[in-house]
Amino acid sequence: MAVAFRLFALPVSRFYRGLRHRAQSCHRRAVPAKLPSTIAPHLLAWYDANARDLPWRAPPGAPPTDPYRVWLSEIMLQQTQVATVKPYFAKFTARWPDFASLAAADEGELMAAWAGLGYYARARNMIACARQVSAEHDGALPATEAELRKLSGIGDYTAAAIAAIAFGERAVVVDANVERVVTRLAALEKPLPSAKPDIRALADTITPDARAGDFAQAMMDLGATICTAGAPKCLLCPLRADCAGHATGDPERYPRKQPKRARPHRHGTIFWAVNGDHVLLVRRPDKGMLGGMRALPTGPWQDEKPGLAEAPFDAEWRMSGDSVQHGFTHFTLECALAGARIDGHTNPRSGEWWPLADLDSAGLPTLFAKAAKRMREWEC
DNA sequence: CAAGCGTGGGG
DNA sequence: TCCCCAAGCTT
């Protein structure tokens, strides 16, 4: 009681400064060889009572669900949050319920179905993977991490996650959630990405032999709902007593990260060509931004405003005076909007005339969906 | 191996 | 508003 009173009597800033000082003094200490052995049982007990109910997930302790659904969800969840994935997962499993149907899918239809989910290389890799599974594995996913790792779109994380979740193999599953949870549990001062080998070694020490799939999903649920990047809810955390980061008083400090470079700002022009009740769409090259996606024609994306450079054909283009802003991972883009009405005889160098009434089904990435919305208002 | 690659939500 | 970040993979 006396201790607690003195704690609260201490000015808050001094309290945290003291704790931070303790954290700093750990800096020179070697990376801990292991974490408390109580972590896995505590976490699994918490998961049994608190697991999220997700369409691709078996309940805690239950046998695994269809590997196809596990695989599909893992691909969609790469760098993408659960709430965003849910409607896409429902759409895809209804349209393509297994590897055979996906391997036979029309690529254009699949890319359009993926539109809006981002990181479009995932969709192309997904088809390639489904075809590999059909051609080389008799239509069934291999069950080992090493075999899974060879398939398109499956890296270290996804191979481990599928092996553990779909096949019950013990595998060390490390994603951004696990990195955050582990660096906090250990109060690890070494910054990402150089700390990745240490994080994996620490995760290995707490991964149980049994229920590896539940354990991996429990770590991710914990990271997504309690051990969040900002404002972690330590009071609700089943691992609070095992957590060195919580003991420092500043768990948000972890994981330490190298500073990122500022995102440059680029300019472009989007061309809105209307021919009767059709608009001109093109297909972007497979490599590069928005690769393989249907799109409105654009000129170059560069530091200076490109004006009407690289218009899809000669016409009386008019700048709408409006522009569309869009943020990508490593730059922001501001596009001017140029419109033209033309007669039925003009032949663009490439592309297709798409019915305006059916534009929603074209599967345009968000940048172009925004531009189309603006230009349709401008037309009126 | 560092850089390229989307998007939407939250602080 | 702006910045950070998320169930990463590929080259």
Side-chain angles (χ1 to χ4, degrees), chain A residues 51-52 54-57 69-89 111 114-126 128-129 148-166 171-181 192-194 196-197 200 203 213 215-225 227-233 252 255 257-266 284-293 295 301 325-333 363-370:
Chain A
R52 288 181 290 178
L54 303 176
W56 49 83
R57 173 182 285 183
R69 294 167 65 87
V70 174
W71 166 77
L72 184 64
S73 70
E74 288 300 340
I75 301 300
M76 289 183 164
L77 285 161
Q78 287 166 3
Q79 295 283 282
T80 309
Q81 296 185 339
V82 164
T84 306
V85 165
K86 277 182 175 175
Y88 286 88
F89 182 82
M111 296 303 287
W114 193 276
L117 196 52
Y119 283 140
Y120 298 100
R122 290 183 294 173
R124 299 193 301 275
N125 289 333
M126 195 169 67
C129 182
L148 288 162
R149 183 65 182 79
K150 297 176 187 169
L151 299 170
S152 295
I154 297 185
D156 290 339
Y157 160 76
T158 305
I162 295 174
I165 296 169
V172 182
V173 180
V174 183
D175 75 325
N177 288 301
V178 175
E179 286 179 349
R180 191 169 55 253
V181 171
L192 288 171
S194 62
K196 281 175 182 286
R200 203 205 121 85
F215 178 79
Q217 295 183 90
M219 288 286 278
M220 295 190 278
D221 275 18
L222 189 76
T225 64
C227 196
T228 46
K233 303 170 184 64
E252 266 193 71
K257 291 187 178 178
Q258 309 253 325
K260 291 176 180 167
R261 284 210 321 238
R263 288 191 302 179
H265 187 70
R266 294 184 186 162
R284 296 181 61 82
D286 277 340
K287 301 250 178 217
M289 290 295 299
L290 310 173
M293 298 301 289
W301 298 355
Q325 295 257 8
H326 193 70
F328 293 110
T329 305
H330 55 294
F331 63 94
T332 58
L333 182 65
L364 296 178
T366 302
L367 166 68
F368 301 111
K370 281 186 198 172

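Chain letters run A, B, ... following the sequence lines, proteins first, then strands; residues in each count from 1.
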Is the shortest side-chain N/O distance from [X] to OP1 or OP2 of [N] below 4.0 Å?
X: Thr158(A); N: dC9(C); value: yes
X: Gln79(A); N: dG8(C); value: yes
X: Lys287(A); N: dG4(B); value: no
X: Arg180(A); N: dA6(C); value: yes
X: Tyr119(A); N: dA6(C); value: no
X: Thr366(A); N: dT7(B); value: yes
X: Arg261(A); N: dA3(B); value: yes
X: His326(A); N: dG6(B); value: no
X: His330(A); N: dA3(B); value: no

Inter-nucleotide [atom1] distance ([N], [M]), Å rounded:
N: dG8(B); M: dG4(B); atom1: P; value: 22 Å
N: dC5(B); M: dG9(B); atom1: P; value: 23 Å
N: dT11(C); M: dG6(B); atom1: P; value: 14 Å

- Could you say whether Lys257(A) or Val174(A) is positioned toward the 5' end of DNA chain C, judged by the nucleotide with the nearest heavy atom to each?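 Closer to the 5' end of DNA chain C: Lys257(A).
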Using the closest heavy atom to pick a nucleotide of DNA chain C for each, name whichever of Ser73(A) or Ile154(A) lands nearer the 5' end.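 So the residue in question is Ser73(A).
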task: Tell me which of Arg122(A) and Gln81(A) sits closer to the 5' end of DNA chain B, going by the nucleotide each one is nearest to.
output: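 Nearest-nucleotide comparison on DNA chain B picks Arg122(A).
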- Of all heavy-atom pairs between Tyr88(A) and Leu117(A), which one has the smallest distance, and what is that distance?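 In terms of heavy atoms, the two residues are closest at OH-N, 3.4 Å.
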From dG6(B), dC5(B), dC5(C), pick the nucleotide closest to the side chain of Phe331(A)?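 In terms of side-chain proximity for Phe331(A), the closest of dG6(B), dC5(B), dC5(C) is dC5(B).
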Between dT10(C), dA6(C), dG6(B), which nucleotide has the shortest distance from any of its atoms to the side chain of Tyr120(A)?
->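 Closest nucleotide to the Tyr120(A) side chain: dG6(B).
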| said: Quick one: does any side-chain atom of Tyr120(A) pair with a main-chain N or O of Trp114(A) as donor and acceptor, under 3.5 Å? | reply: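 It does not hold such a pair.
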When you measure from the side chain of Arg122(A) to the backbone of Gln78(A), do you find a donor-acceptor pair of N or O atoms at a distance under 3.5 Å?
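It does hold such a pair.
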*Tell me: CG of Leu222(A) to C1' of dA6(C), nearest whole Å?*
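Whole-Å distance recorded here is 16 Å.
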Rounded to whole angstroms, how far apart are CH2 on Trp114(A) and C1' on dT7(B)?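 That distance rounds to 12 Å.
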Discussion item. For the aromatic rings, using the six-membered ring if either is Trp, is the centroid distance between His330(A) and Phe328(A) under 6.0 Å?
Written reply: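 Not under 6.0 Å, so no.
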Regarding dG6(B), can its base be found pairing with the side chain of Thr80(A) as donor and acceptor, where the two atoms are less than 3.5 Å apart?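 Present.
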Residues Lys196(A), Asp156(A): salt bridge by 4.0 Å N-O rule: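 The answer is no: the pair does not qualify as a salt bridge.
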Check every strand shown and say whether Gly288(A) touches a base, only sugar-phosphate, or nothing at a heavy-atom separation below 4.0 Å.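 Sugar-phosphate, backbone atoms only, no base.
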